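Inspection log for the structure reproduced underneath, given as structure tokens.
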Amino acid sequence: MCIFCDIINKKIPCYKIYEDDNCLAFLDISNDANGHTLVIPKKHYENILDVEQETLNHVINCVKKIAKHYVDNCGAKGVNILNANGKDAEQTVFHLHFHILPRFENDGFSAFPKLDKNKQTLEELQNKLKLN
Ligand code: 5GP
Ligand code: ZN
């Protein structure tokens, strides 16, 4: 059972912002950041680690369309796009989704955590992490 599939199948209502053949965008139930929106593919994938590329392309196009709409037509001054993949990355709903947080001057929150310095140097990290 997946709560976002239930929203797509209209078993659970949502405040819809946009829909096309592949994607659905609706307001996050938290109603915290002004206009906090979730964008999801209609096909169920758990997250970015298992989604097939074509579906991801559709979803990210939709994210851009809505982000631009919020800035061009709805008064937002910018947007943060957030996405969690996996339990330890704080994903709580295991259907791929991107959060759009519209941002306004002096809106009083930061989308980025303030972290202490990592113990490993950038060189050590590069050696450990580089892909090619
Ligand atoms: P995550 O923590 O997985 O990145 O984000 C899941 C988001 O889904 C949370 O921000 C949460 O508020 C939202 N959410 C959970 N259940 C529902 C629901 O039934 N309806 C809507 N609109 N949002 C939901
Ligand atoms: Zn689902």
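In listed order, ligands and their atoms are each counted from 1. The model shown is predicted, which means the values in this text are computed figures rather than measured ones.
If you chain together hydrophobic residues whose side chains sit under 4.5 Å apart, Ile40 and Leu49 never meet in one group.
In terms of heavy atoms, His36 sits closest to Ser30 at ND1-OG, 3.6 Å. The two residues Pro41 and Thr55 make their nearest non-hydrogen contact at CB-CG2, 3.5 Å. Considering every non-hydrogen atom in both Leu82 and Leu101, the closest pair reads CD1-CD1, 3.6 Å.
In this structure, the side chains of Ile100 and Ile81 come closer than 4.5 Å at one or more pairs of heavy atoms. Counting only heavy atoms from C-beta outward, the side chains of Leu38 and Phe4 approach each other to under 4.5 Å.
By the 30° and 60° cut-offs, the orientation of the rings of His44 relative to His95 is perpendicular.
Cation-pi contact between Arg103 and Phe109: present, with separation from the ring centre below 6.0 Å and deviation from the ring axis of at most 45°.
Around the Zn ion (ligand 2), protein N, O or S atoms at a distance under 2.8 Å total 4; waters are neither shown nor counted.
A side-chain donor-acceptor contact under 3.5 Å links Tyr18 and Asp20.
Listed by chain and residue number, the protein contacts of ligand 1 are Ile3, Phe4, Ile7, Phe26, Leu27, Asp28, Ile29, Ser30, Leu38, Ala84, Glu90, Gln91, Thr92, Val93, His97, His99 (heavy atom within 4.0 angstrom).
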